[in-house]
K.L.:
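Pasting a structure below so you can have a look.
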There are 2 protein chains.
Amino acid sequence: MRVVKEAEERKEEILDVAEKLFGTKGFDNTSTGDILEEVGIARGTLYYHFKSKEEILDGVIDRMTEHMMAEAGKIARNQELPVLERLTKALLSFNVETPIGNEVVEQIHRPQNALMHQKIQETLLTGIDPIITELVEEGIRQGIFYTDYPAEVVEMTMLYANTAFDSIDTADLSPAELEKKIAGFIYNVERLLGTEKGSLQAALMKIFHRSET
Amino acid sequence: MRVVKEAEERKEEILDVAEKLFGTKGFDNTSTGDILEEVGIARGTLYYHFKSKEEILDGVIDRMTEHMMAEAGKIARNQELPVLERLTKALLSFNVETPIGNEVVEQIHRPQNALMHQKIQETLLTGIDPIITELVEEGIRQGIFYTDYPAEVVEMTMLYANTAFDSIDTADLSPAELEKKIAGFIYNVERLLGTEKGSLQAALMKIFHRSET
DNA sequence: TTTTGTCGACCGACTATCTGTCGGTTATTA
DNA sequence: TAATAACCGACAGATAGTCGGTCGACAAAA
């Protein structure tokens with residue numbers, strides 16, 4: 001049976017299925033055949049809308065990150081809240097805001113998904129870091145933080161957080177070890193931002209405990 | 001023509017070719033057929049020595065990192081040199097010590113090589129970080145550094161350096177931007193290690209300029 | 001109202017390529 | 001000369017991407 005839909009609608013359908021499958025089975029272990037079958041279309045149709053499997057992955061990631069960045073940007077620009085609170089909320093939005101995306105994030109770090117991980121990392125770095133850096137600079141102007149290199153601090157922090165605190169690396173840590181890793185992270189971020197010991201404790205802890213679900 | 005060799009020798013031959021090809025064309029773009037052809041053996045022979053293509057990659061990486069770690073370990077244990085010098089030399093050994101490995105490092109960060117990158121990252125993290133951490137702890141005992149979380153500082157620093165200063169990410173930076181990135185990195189490491197501003201300048205600069213070849 | 005033409009969406013058989021397997025063969029060594 | 005380690009290459013199975021052709025909606029012409 002032949003069903004015709006508008007290109008945009010079909011594309012979304014394909015991305016929906018792809019996102020689910022990539023998240024469940026990983027990118028390498030998901031064949032284009034799996035996608036075809038679940039969407040209910042023929043090979044030719046898939047390749048009519050996307051020119052390669054990798055382009056589908058790009059599509060999935062773009063959709064995810066666009067959503068996350070829009071959310072984070074909105075929070076960051078809300079001048080009514082204090083900087084520290086905006087910072088916390090913006091960071092939180094990455095962990096919880098996307099209920100579908102989360103499944104994906106869970107799977108990102110399996111070896112087979114290295115490509116996916118790297119692509120997300122790249123997108124986040126160019127999309128989110130500027131937003132966070134902006135906030136840090138505002139904090140500097142307000143005297144909350146102090147550093148000569150806000151952009152570099154953010155890059156270092158985000159990059160580390162994004163790969164060090166993933167589900168695989170943290171899975172084989174005891175609760176105590178994880179606690180220490182988090183404590184060390186907070187300690188280090190405080191040093192990087194030139195704030196007093198303990199000043200970020202409360203704000204950053206919120207992030208980790210929320211993300212543990 | 002049939003040539004028989006001892007398993008170890010054949011394995012090395014295969015790894016030599018694989019290392020070269022993975023470095024040149026990337027892991028995904030190198031087929032097992034390419035390897036067979038260049039080594040001059042049949043399919044069956046390859047799979048007699050390695051049970052999968054991924055195991056070949058693991059073999060290549062293991063060989064590389066073993067060499068690097070042995071070198072770094074030797075330097076770190078040389079009690080005659082001051083800590084700071086040992087630290088510098090140990091870090092230097094990763095960049096220059098392996099003339100073959102370097103080609104690979106050049107290619108690691110292309111998207112197709114995400115898997116390779118991740119595997120190296122993982123091995124370095126479990127193999128090299130302890131060596132460096134040991135040095136940092138010695139520095140702390142000597143009063144050169146100060147931090148409550150030496151292992152976490154090292155993990156953060158190594159992980160960041162390893163992905164932020166790769167050939168792809170730095171390729172599209174202007175010399176001035178790269179300079180700033182390096183300066184920011186040094187500034188941040190000094191803060192993390194609790195040393196005075198400028199105290200690591202000389203030592204760390206040596207690393208970056210040596211690695212630029 | 002009916003016919004015809006256009007074009008975007010869709011189909012599925014086919015190709016090319018690749019990884020891993022297996023039964024059988026050759027060289028070496030005890 | 002018998003056992004075994006190393007080797008061979010045809011083959012199976014899977015997968016990504018291609019291509020010529022089809023279908024259906026919609027609009028213009030009859």
Side-chain angles (χ1 to χ4, degrees), chain A residues 1-61 107 110-116 119, chain B residues 1-61 107 110-116 119:
Chain A
M1 190 185 72
R2 193 188 184 104
V3 181
V4 179
K5 301 190 176 176
E6 277 192 8
E8 271 315 308
E9 193 182 346
R10 253 296 126 77
K11 272 193 170 177
E12 288 299 316
E13 273 184 27
I14 293 170
L15 290 178
D16 286 343
V17 170
E19 179 166 332
K20 181 184 135 199
L21 291 180
F22 291 166
T24 315
K25 311 167 50 174
F27 177 70
D28 286 358
N29 295 331
T30 301
S31 73
T32 51
D34 294 337
I35 300 174
L36 302 180
E37 197 183 347
E38 186 146 343
V39 180
I41 54 175
R43 282 205 87 63
T45 308
L46 183 70
Y47 282 91
Y48 173 77
H49 292 289
F50 296 91
K51 80 174 216 292
S52 71
K53 189 184 168 189
E54 191 168 334
E55 200 179 279
I56 300 176
L57 176 60
D58 290 338
V60 169
I61 292 175
Q107 298 293 332
R110 286 167 27 192
Q112 301 102 326
N113 295 352
L115 177 62
M116 207 163 156
K119 291 210 168 196
Chain B
M1 190 185 73
R2 193 188 184 103
V3 181
V4 178
K5 301 190 176 176
E6 276 193 8
E8 273 314 307
E9 194 181 347
R10 253 296 125 77
K11 271 192 171 178
E12 287 300 315
E13 274 184 26
I14 294 169
L15 290 178
D16 286 343
V17 171
E19 179 166 330
K20 182 184 135 202
L21 291 180
F22 291 167
T24 314
K25 311 166 49 174
F27 178 70
D28 286 358
N29 296 331
T30 301
S31 72
T32 51
D34 294 337
I35 299 175
L36 301 180
E37 197 183 346
E38 187 147 341
V39 180
I41 55 174
R43 281 206 88 61
T45 308
L46 183 70
Y47 282 90
Y48 173 75
H49 293 289
F50 297 90
K51 79 175 217 290
S52 70
K53 188 185 171 189
E54 192 167 335
E55 199 179 280
I56 301 175
L57 176 60
D58 290 339
V60 169
I61 292 175
Q107 298 294 332
R110 285 167 28 193
Q112 299 104 326
N113 295 352
L115 177 62
M116 207 163 156
K119 289 210 170 196

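Residue numbers start from 1 in every chain, and the chains themselves are labelled A, B, ... in the order their sequence lines are given, proteins ahead of strands. Because the structure is a prediction, the values reported are computed rather than measured.
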K.L.:
With a 4.0 Å cutoff (strictly under), does any side-chain N or O of A:Tyr48 reach OP1 or OP2 of C:dA9?
P.N.:
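It does, given that an N or O in the side chain of A:Tyr48 lies less than 4.0 Å from OP1 or OP2 of C:dA9.
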
K.L.:
Within the structure, does a side-chain N or O atom of A:Thr45 lie under 4.0 Å from either OP1 or OP2 of C:dC11?
P.N.:
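It does, given that an N or O in the side chain of A:Thr45 lies less than 4.0 Å from OP1 or OP2 of C:dC11.
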
K.L.:
Are any of A:His49's side-chain N or O atoms less than 4.0 Å away from OP1 or OP2 of C:dG8?
P.N.:
no

K.L.:
List the residues meeting side-chain contact (heavy atoms from CB on, under 4.5 Å) with A:Asp16, not counting sequence neighbours, and say none if there are none.
P.N.:
A:Arg63

K.L.:
Can you tell me if the side-chain N/O atoms of B:Thr32 get under 4.0 Å from OP1 or OP2 in C:dT19?
P.N.:
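For C:dT19, OP1/OP2 do have a side-chain N/O of B:Thr32 under 4.0 Å.
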
K.L.:
Is any side-chain N or O of A:Arg43 closer than 4.0 Å to OP1 or OP2 of D:dG17?
P.N.:
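No, because none of the side-chain N or O atoms of A:Arg43 sits under 4.0 Å from OP1 or OP2 of D:dG17.
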
K.L.:
Determine: side-chain N/O of B:Ser31 to OP1/OP2 of C:dT17, distance under 4.0 Å, yes or no.
P.N.:
no

K.L.:
Side chain of A:Tyr47 only, please: which of C:dC11, D:dT18, C:dT19 is the nearest?
P.N.:
D:dT18

K.L.:
Please determine which of B:Val39, B:Thr24, B:Leu21 meets the side-chain contact (heavy atoms from CB on, under 4.5 Å) test together with B:Asp34.
P.N.:
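Checked B:Val39, B:Thr24, B:Leu21 against B:Asp34; only one passes side-chain contact (heavy atoms from CB on, under 4.5 Å): B:Leu21.
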
K.L.:
I want to verify a distance call: between D:dA16, D:dC7, C:dT19, whose nearest atom is closest to the B:Lys53 side chain?
P.N.:
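Shortest atom-to-atom distance from the side chain points to C:dT19.
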
K.L.:
Show every salt bridge (charged side-chain N to carboxylate O under 4.0 Å, His left out) that has at least one partner inside residues 37-49 of chain A, sequence neighbours left out.
P.N.:
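Found A:Lys20-A:Glu38.
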
K.L.:
Can you measure B:Lys11 atom NZ to D:dC7 atom P for me and round it to whole angstrom units?
P.N.:
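Distance, rounded to whole Å: 12 Å.
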
